[in-house]
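Take this structure first; my questions come after.
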Amino acid sequence: MRQPPVDYIARTREQYSALGHPVYKWVKNEDTPPFVKPKGEPSSWRVGLVASGGIYAVGQPAFHFKDDTSFRAIASDIDRGDLRVTHFAYDLTDARNDPNVVLPLDPLQRLAAAGGIGEVGPSAYTFMGGIYSSRKVRDQLAPAIADRLVSDEVDVALMVPV
Amino acid sequence: MGLIAREVEGRGIATVSLSSALSITASVNPPRGVYTDYPLGRTAGKPHDPASQDAIVRAAIDVLATASTPGTIRELDLHWSENDAWKDGVMRPQGGGEKAEDDRAERTDVPQYQFDADREAVDPACPTCFVP
């Protein structure tokens, strides 16, 4: 039988309450988000990729679990066998088995090969979500990642949280 | 991630955010979203299943190409399994015990490597690491 989507905000409230933690204050934006129309056809787009699943590459330090606001650039043509995944808050089984479930490089490459997009950006940008401070995300991490995407001259960006 | 999407969009780059947590995505209200009703940690599809992975990425590109309303979230008709019983245990105490347990890893500032060998392979200079 089908059930409605899991209400993670309500379940977090219940879990924190049961654990004796104070109520987590989720970000709630009631304003209209910024919105730009991409230029040209999808077949011409360079597509950027940003993922918060805790993906790193062999040779890079892994993320730590205490409000780590650092991020990594991972070459989009990386040998997939060099991808690693670490995160404190979700079941990593499938992500470690096939990193495409949190970093969809192969589906983007297939779409590019089929002409559905122009190309994948030179790098994917990865960090470890679950950063408790939304202020640090908004004021530090977001502008730094945006700088990279602007520098890569991507036309659009695919954002992949977990 | 929605906060980052808003920042990137504000710089003139159109974004689409995948999601498997509809309530959180709706609350953060990114410019565009694509919702898939999967357990967390598989936002971009099932492992070694190009059909679901391609369907999600194609839908994301289509939303970028066609959505004209800020805050649009497209809900995909994809399901994790034959039924939704997996939802029963999400963030709820397992095994019928009365005491809730925190099933998340301890918060520590020590890097958490997937394999011990990864620690030995680290380039301390790491030109691809960014600390904002």
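Hydrogens, waters and symmetry mates are skipped; everything else that's a heavy atom, side chains included, is used. Letters A, B, ... mirror the listed sequences (proteins, then strands); counts begin at 1.
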Going by the side-chain hydrogen bond (donor to acceptor under 3.5 Å, both in side chains) test, which pairs reach into residues 127-147 of chain A, not counting sequence neighbours?
Asp147(A)-Arg11(B)
Would a distance-only check, ignoring hydrogens and angles, find a side-chain to backbone donor-acceptor pair under 3.5 Å from Lys37(A) to Ser68(B)?
no
Is the shortest distance from a Lys or Arg side-chain nitrogen in Asp91(A) or Arg42(B) to a carboxylate oxygen in the other one below 4.0 Å?
yes
Step by step, work out the salt bridge (Lys or Arg N to Asp or Glu O under 4.0 Å) result for Arg6(B) and Asp31(A).
CA-CA 11 Å; Arg6(B) 283 173 157 247; Asp31(A) 59 332; 3.0 Å; yes
Sort Arg110(A) into side chain, backbone, both or neither according to what part of it lies under 4.5 angstrom from a heavy atom of chain B.
side chain
Please check: side-chain N/O of His87(A) versus main-chain N/O of Gly41(B), any donor-acceptor pairing under 3.5 Å?
no
Is the backbone of Val28(B) close enough, under 3.5 Å, to the side chain of Asn29(A) for a donor and an acceptor to pair up by distance?
yes
Interchain contact, Ala75(A) with chain B, by part (heavy-atom threshold 4.5 Å)
neither
Of the backbone (N, CA, C, O) and the side chain (C-beta and beyond), which part of Ile117(A) lies under 4.5 Å from a heavy atom of chain B, both, or neither?
side chain
Using every non-hydrogen atom in the two residues, find where Tyr8(A) and Ala21(B) come nearest and quote the distance to one decimal.
CD1-CB, 3.6 Å
Sequence neighbours excluded - salt bridge (Lys or Arg N to Asp or Glu O under 4.0 Å) pairs with any residue from residues 52-65 of chain A
none
Is the positively charged end of Arg32(B) above the ring of Phe35(A), judged by distance under 6.0 angstrom from the centroid and angle within 45° of the axis?
yes
When the 4.5 angstrom heavy-atom criterion is applied to Glu14(A) and chain B, the contacting part is side chain
Check whether any side-chain N or O of Lys46(B) sits under 3.5 Å from a backbone N or O of Asp94(A) as a donor-acceptor pair, and report yes or no.
no
Treating Ser27(B) as the side-chain partner and Val27(A) as the backbone partner, does any N or O pair qualify as donor plus acceptor under 3.5 Å?
yes
For the CZ atom of Phe130(B) and the CZ atom of Arg72(A), what is their distance to the nearest 0.5 Å?
10.0 Å
Side chain, backbone, both or neither: which part of Val6(A) has an atom under 4.5 Å from a heavy atom of chain B?
both
